[in-house]
Asks: 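Supplied in structure tokens, the structure appears directly below.
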Amino acid sequence: MKRLLKILYYKLSSRGNGVVFKGNVNLDTKNKFEGNNWIGNGSFVGSSELGTGTYIANQSRILKCKIGKYCSIGSFVQTYVGRHPSTTFVSTHPSFFLRSARPE
């Protein structure tokens, strides 16, 4: 019950900066929305940061992500926790930084 009340409070307080939750959206209390965001029905957003104007479509699962401004995330997208050197390499393909990476 306490968790449900925190999520409800979070949803209500986020609407002031233009965050729209469509339908049944699940959140945790560790998210940060910069504003003018749209979260689709059936989506889960947890421990993530969304830049201004970022859109997440229906049935997506976004966990521990930092997404920039004005991004559009499609339906049924699922993120997984991982690490790659995106700030020091041009490509994010694992073959550039993992010895065991093989194309499938």
Asks: Identify every side-chain donor-acceptor pair in residues 65-75 under 3.5 Å, counting partners at least two apart or on other chains, and give the distances.
Replies:
none

Asks: If you compare all heavy atoms of N17 against all heavy atoms of F33, which two are closest, and at what distance to 0.1 Å?
Replies: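 Minimum heavy-atom contact is ND2-O, 3.2 Å.
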Asks: Under 4.5 Å between side-chain heavy atoms, hopping through other hydrophobics if needed: is there a path connecting V77 to V25?
Replies: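 Hydrophobic grouping puts V77 with V25.
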Asks: Rounded at 0.5 Å granularity, tell me how far CG in N58 sits from CD1 in I56.
Replies: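 With rounding to 0.5 Å, CG (N58) is 11.0 Å from CD1 (I56).
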Asks: If the condition is side chain to side chain donor-acceptor pair (under 3.5 Å), which residues does T79 pass it with, not counting sequence neighbours?
Replies: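 By the side chain to side chain donor-acceptor pair (under 3.5 Å) rule, T79 matches no residue at all.
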Asks: Nearest 0.5 Å, please: how far is NZ in K64 from NZ in K30?
Replies: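 That separation rounds to 7.5 Å.
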Asks: Can I get a per-line list of side-chain donor-acceptor pairs under 3.5 Å for residues 37-45, giving both atom names and the distance, sequence neighbours left out?
Replies:
from: N37; atom 1: OD1; to: G35; atom 2: N; distance (Å): 3.1
from: N37; atom 1: ND2; to: G51; atom 2: O; distance (Å): 2.8
from: N37; atom 1: ND2; to: T54; atom 2: O; distance (Å): 3.3
from: N41; atom 1: OD1; to: N24; atom 2: N; distance (Å): 2.7
from: S43; atom 1: OG; to: G40; atom 2: O; distance (Å): 3.2
from: S43; atom 1: OG; to: A57; atom 2: O; distance (Å): 2.8
from: S43; atom 1: OG; to: Q59; atom 2: N; distance (Å): 3.3
from: S43; atom 1: OG; to: S60; atom 2: N; distance (Å): 3.1

